[in-house]
Amino acid sequence: MDSVASHFAEDCIQLPPNQPPIIGNENFKEVWNQNIQIGQWDFDLRTEKVKASGDLATEYGTYTLSFTPNENSPIPAMTDHGSYVVLWEKIDQEWKVLWDAPVSDLPLPGSGPELSPEE
C-alpha cells in the first residue's frame, strides 16, 4: 500500500462512494491496508480526458471494480463500474493525487429502476 500511497499528496482527499471522505495520506494508507486484509480488490482504470494548467491537472475516466472477499470479510463479493475525477498537483516536480472522486454508475440496492443517461 505504501507504493500506491506514494502517488497521493500528503493532504489528499479520497471520496469513496457511500462512505465518509478519507482525508490525508496516512488515513488513506490505513483505510486501504484494512481493505486489503478482507479480500482481493481489482481495479481497471481508463483515462478518458486530461486537462492541465500550470501545476494542476484534472483527469476524467471510467473504472470497473471487483471485490472477492476472504472468509473474514464483512463485505460480500461485488462488482462496480462508474466514472471518476482526479485532481493532480505537481509537488516537488512529481504529480500527486490531491483529490480522488469515483462515482458509481450503479443504483444503490432498493433505490428503484435504473435510468439510462438520456432519461
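What you are looking at is a predicted structure, and each value in this text was computed from that prediction instead of being measured.
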Tell me which pairs pass salt bridge (charged side-chain N to carboxylate O under 4.0 Å, His left out) where either residue lies in residues 16-28, with sequence neighbours left out. E26-K29
Do [X] and [Y] touch side chain to side chain, with heavy atoms closer than 4.5 Å?
{"X": "S83", "Y": "D105", "result": "yes"}
{"X": "P102", "Y": "P17", "result": "yes"}
{"X": "E71", "Y": "S73", "result": "no"}
{"X": "T62", "Y": "H81", "result": "no"}

Acceptor/donor pairs from residues 49-57 side chains to any protein atom, 3.5 angstrom cut, sequence neighbours excluded:
none

Backbone N or O of S6 within a donor-acceptor pair of the N25 side chain at under 3.5 Å? no
Any donor and acceptor pair, going by atom type alone, linking the side chain of D80 with main-chain N or O of T64 inside 3.5 Å? no
From [X] [atom1] over to [Y] [atom2], what is the distance, rounded to the nearest 0.5 angstrom?
{"X": "L87", "Y": "E59", "atom1": "CG", "atom2": "CD", "answer": "10.5 Å"}
{"X": "H7", "Y": "E94", "atom1": "NE2", "atom2": "CD", "answer": "9.0 Å"}
{"X": "S66", "Y": "D44", "atom1": "OG", "atom2": "CG", "answer": "9.5 Å"}

Distance-minimising heavy-atom pair for E89 and L98: OE1-CD2, 3.6 Å
Are a donor atom and an acceptor atom from the side chains of Q40 and D42 found within less than 3.5 Å of each other? yes
Apart from F43 itself, members of its ILVMFWY cluster (side-chain separation under 4.5 Å) are M1, V4, F8, I22, F28, V31, W32, I36, I38, W41, L45, Y63, L65, F67, I75, M78, Y84, V86, W88, W95, V97
What about W99 and V85, same hydrophobic cluster or not, with Ile/Leu/Val/Met/Phe/Trp/Tyr joined at side-chain heavy-atom distances under 4.5 Å? no
